[in-house]
Every structure is written in structure tokens, then in C-alpha cells.
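These notes concern the structure reproduced below.
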Amino acid sequence: MNAKLYLGIDVGTYESKGVLTNINGEIVAQSAKKHQLAVPQVGYAEHNPISDWWNDFIFITKELIKNSKCNPSEIKAVTASAIGPCMLPVDMNGNPLMNAVLYGVDTRAAEEISELNNLYGEKSILEFSGNPLTSQSVVPKILWLKKNKPEIFNKTHKILNSTSFINYKLTGKYFLDHFSAVNLSPLYDIKKNSWSSEISKDLISLDLLPDLVWTDKVIGDVSIEASKETGLAIGTPVTAGTIDAASEALSVGVIDSEDMMMMYGSTMFFIIITKKPIHDSRMWYAPWLFKGFHTSLGGLATSGTLTHWFKNEFAREIQGDNAFEILVKEAQQSPIGSNGIIFLPYFSGERTPLHDTHAKGTFFGLNLSHKRSDLYRSIFEGIGYGTKHVFDTIKDINIYPKNLYSVGGGTKNKLWSQTISDIINQNQILRKITFGASYGDAFLSALSIGDVNLKDINNWNKIDTTIKPNSNEIYEKGYKNFRKLYEQTKLLMQEMDK
């Protein structure tokens, strides 16, 4: 083979995926590897950065090279993406000092969020960094580390996220893209696109943070050591990469103002490109992957994670790879509205638009006639209601999606995806390739070295079908009850945490 190939690898919450494409976006090889989410105690969510991130990257890269039978020198660039804002302290040699503290599903820093808000002021933080402090924010978790693990904090040379750690292992250099950096409120200045301690004097030294770069830039080359471990050619360009959700969005053609992505994964995640920065405490803001563009973002704390939890706890007798298919077939026997069950999907608190670390998961309205099928269907409906809450919020701040592109494994679940469309009353556009971030990473690899332009993603990944909504009064009533149920129980949820 004598070709130009592009490597993309994404590390997710439960699985890493990789793809090798050619210059036309055709898939040459694919690979995947599962890993575990560690929950050492309530409110914690962690990954081991070596076994879950780097070893996955090595395994997948070798598999792709072997399965494609390519010469590693034919791989012209490499891009990695990974789960959203994480907190990983490393020492002078780049070695992890502890497990990585994950994104908004890890709620350990609730006390530190309050402390920082009281210290610097919620309004000042929002104006400076474009985002309120929530369980998604990295800096409260750094403060948690400083207060609770001083022996680790004192050894810390850099604070990395998942992507910047992988990039360090590949190149020996510390870089972080701007889209990811905005999660470090109040240390990121959205007006200057730079690190700053202007409103947070003496919080931490800015020297602990990686250098900033735009996502489509090459940050270095594959080192001799990384070449030995991965099989990649020495000197292969490595791009900055980004958070998985952004690569997912790019993979399905979110490139113009008012294009929106809805990602079905371990969490539901939403990205919409806007013409100007929009700052609202209910949503998140980030500069887009490319300088001069902006985004408004949202995310539920749990979605696909809930289906895993349900299967593991209530369907252990169903063995094999088709366990979820069996559960979905059962759920289809339950009528719209799940025979009256209202489900709150707040098993790890909730992110947008509630930003409530105390929120709790709830099956409400149970009686002795209910079956497992009703419970499982109510999970999809509860996720749908949470999604509608996000859509109602963005419309309230005058953001209206023009094209809604959906991506992720959940799009193959017809019950889930149709339920979402019916509840939010929106068309969902599906591209032919829906596995997402790793494909977007491969495109970023080609883009970063100038082999394609941005609009070429429409040729790489063509539109396949559109899911159209069906209106239903049961969902309209269910949504109202969903909203009421949270409002009428949130004080009790806070009391329970005390």
C-alpha cells in the first residue's frame, strides 16, 4: 500500500475507539477496547490514565496498523480526543500521581465550588471565563486536591486532562486546546484566550497548566519512545486534539453557525455554533475549535451510563452482546408514558441547565402492576425530558438550531432516538458514519496538515436519514410532571446529602 492515511483515536468513559481513514474519508481499519469506570465512593468517578487511556491508545494503534497492513510511514498525522474535563496531576517526568478525576459525573468538589464562588463572586467568574462553576469545572477539583491531598499536590508538575496526557506520551510536550481550557474557570480569560490569574490571585501557579493552542494545530511529532510503544513512525505529526464531544460534532458536519450536535453516549452532550459569545449561567460557553468561532454547550450528567447500570443491576440473567437489544424489545411493549412512571435521570447530580450536584435519580409513580419493561422505557423518556429541558433553555436565550445532527451509539437504538425526537419535537439528521469522535479525529489529522479543508467533511460523511418527530400529549404532560417532580423534591435531595 502507498497511501495517505489519517489516524484518530478517542478515549471514552467505558470504551476507546480508533479509526484509520484515507484522504477521501473511507475507513481503512477500525478497532475498539473496553475499560472500566472506577467509582471508589459515592460522588467519585475515575480512570487509571495508564491502563484506561495510554494502554488503550497503544493497543488500538497496533491493531489498526496490523489490520490495515499499512506501513506506519503512510500515517500522515495522529489526533486523539478523550472524555471531557478531567483533572490529572503528573510529576516532573509526566507520571500520573493518582487516578484521573473525571468530568461532571464526579461531584466530589461541591464544597470547593461554593468556596470559590464566595471568594471571587459568581458574576465575576461568569464574566471572566464565560461559565459558572459546576461539577464540570476542573479548578474546584484542583482546589479539592490541594486541600485533601497536599502530598500529591506538592509533587505536581502539571495538571493535565485526558487528551493532553495522551499527547504528552506521544510527543513529550504539554499542550491543551482552547475548547478544553475554558473548563478551567476562573483561570481562562475568554476575551484574551489565555491563562490568567486576574481574578483568582494565589489560587494555583499558572505554571502548572499546559500551553494553549487551537485544535487544528500540530503540537509535535511522535517521539522515539512513543514509536517503540505504539508502532507509529518516528516524527509523525501529532495535532492538539480536543474533548470527545467536539470531535463528535465535527465528524457529523457541525461547521456553520446554528449547526448543532446531539451526542448519545454515556452522557447526552450538546454543542451549537453561535455567531457571537453567549454567556448564560444555565449553559456552558467555549471558543470553538477554530479561532473566531464560538459555541454554547450543554450536557446531562448521565444517560447511556443509566442503561449500563440498569442492565447490570436488574437484568443480570440476560447474558451476551445482545442484552441491550432484549431490554429494548421489552421496553417497546410498554406504552408511551411508561404506564405512568416519571424518571429523573440525576444519578450523578445534574449538569445543564440545573447545575445541581445534590440532584438524585428517581423512579416516581411505581405500583405493583409495573414491570421491568416500564422501568426501562421510563429511562429513555426521562433522558428525553432532560434533553427537552436543555432545548427549552437554549431557546430561552435566543439560540435556535438550524440543523440538528445526532451521533453516537444511542442513535442505533430506535426506541431511544425516536423518543428523543418526539419529546423535543425536532428532526434529527443522521450521517452515514455515526460512531463519532475517532472519525472526527481522523478528519482533524488530515485538516491539520492541510490535506483537506473544513467543508470536505460533507464529502467524507454524507447524510443518511432523518428522524422526524411525532407529537404526543402524553409526553407533553409527562414533561410538565418531570419538571414539577424535581422542583418539589430538590430541597429534600439537599437535605439527604447533609
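Note that the structure is predicted; figures quoted are calculated from it, not measured.
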Exercise. How are the rings of F314 and F310 set to each other: parallel, tilted or perpendicular (split at 30° and 60°)?
Worked result: tilted
For the pair E330 and R372, evaluate salt bridge (Lys or Arg N to Asp or Glu O under 4.0 Å) and give the outcome as yes or no after the intermediate values.
-> CA-CA 8 Å; E330 283 187 11; R372 181 169 69 182; 2.7 Å; yes
Hits for side-chain contact (heavy atoms from CB on, under 4.5 Å) against A45, two or more places apart or cross-chain, chain-then-number order -> L37, L102, V105, D106
Sorted by chain and residue number, the side-chain hydrogen bond (donor to acceptor under 3.5 Å, both in side chains) partners of W214 (sequence neighbours excluded) come out as none
Are V11 and I166 packed together at the side-chain level, in the sense that at least one heavy-atom pair is separated by less than 4.5 angstrom?
yes
Would you say Y285 and H294 are linked by a side-chain donor-acceptor pair, where the criterion is simply a distance under 3.5 Å? yes
Hits for side-chain hydrogen bond (donor to acceptor under 3.5 Å, both in side chains) against E229, two or more places apart or cross-chain, chain-then-number order -> W54
Residues 166-187 vs salt bridge (charged side-chain N to carboxylate O under 4.0 Å, His left out), sequence neighbours excluded, gives none
Sorted by chain and number, sequence neighbours left out, side-chain contact (heavy atoms from CB on, under 4.5 Å) with E313 holds for W309, R316
Residue pairs passing the salt bridge (charged side-chain N to carboxylate O under 4.0 Å, His left out) test with at least one member in residues 346-362, sequence neighbours excluded, are K360-D497
Taken in chain and number order and not counting sequence neighbours, the residues that satisfy side-chain hydrogen bond (donor to acceptor under 3.5 Å, both in side chains) with H355 are none
Just do the ring-ring contact (aromatic ring centres under 6.0 Å, His included) check on F324 and H308 with the steps written out, would you?
-> CA-CA 9 Å; F324 287 115; H308 283 269; 5.2 Å; yes
Donor on one side chain, acceptor on other, N193 and Y188, under 3.5 Å: yes
For S51, the side-chain contact (heavy atoms from CB on, under 4.5 Å) test, sequence neighbours excluded, returns N48, N55
Quick note, salt bridge (charged side-chain N to carboxylate O under 4.0 Å, His left out) partners involving residues 427-446, not counting sequence neighbours, are K432-D464
(Q) Evaluate K4 against D451 for salt bridge (Lys or Arg N to Asp or Glu O under 4.0 Å), listing each step before the verdict. (A) CA-CA 9 Å; K4 285 187 173 183; D451 285 358; 3.7 Å; yes
Checklist entry - Taking C-beta and beyond as the side chain, do K414 and W416 meet within less than 4.5 Å on heavy atoms? => result no
For this session: Could you check F269 against Y264 for ring-ring contact (aromatic ring centres under 6.0 Å, His included), going step by step and ending with a plain yes or no?
Result: CA-CA 7 Å; F269 202 86; Y264 293 73; over 10 Å; no
query = Does the side chain of T79 pick up a donor-acceptor pair with the side chain of T239 at under 3.5 Å?
reply = yes
Residues 242-270 vs salt bridge (charged side-chain N to carboxylate O under 4.0 Å, His left out), sequence neighbours excluded, gives D256-K455
Residue set satisfying side-chain hydrogen bond (donor to acceptor under 3.5 Å, both in side chains) with S406, at least two apart, ordered chain then number -> Q428
For residues 16-25, the side chain to side chain donor-acceptor pair (under 3.5 Å) pairs (sequence neighbours left out) are S16-D56, N22-E26
Only one of W53, F175, Y174 passes ring pair (Phe, Tyr, Trp, His ring centres under 6.0 Å) with Y168, and that residue is Y174
With no hydrogens and no angle check, do the side chains of S448 and K217 hold a donor and an acceptor under 3.5 Å apart? no
Within 6.0 angstrom of Q36 CD, more than 12 heavy atoms from elsewhere
no
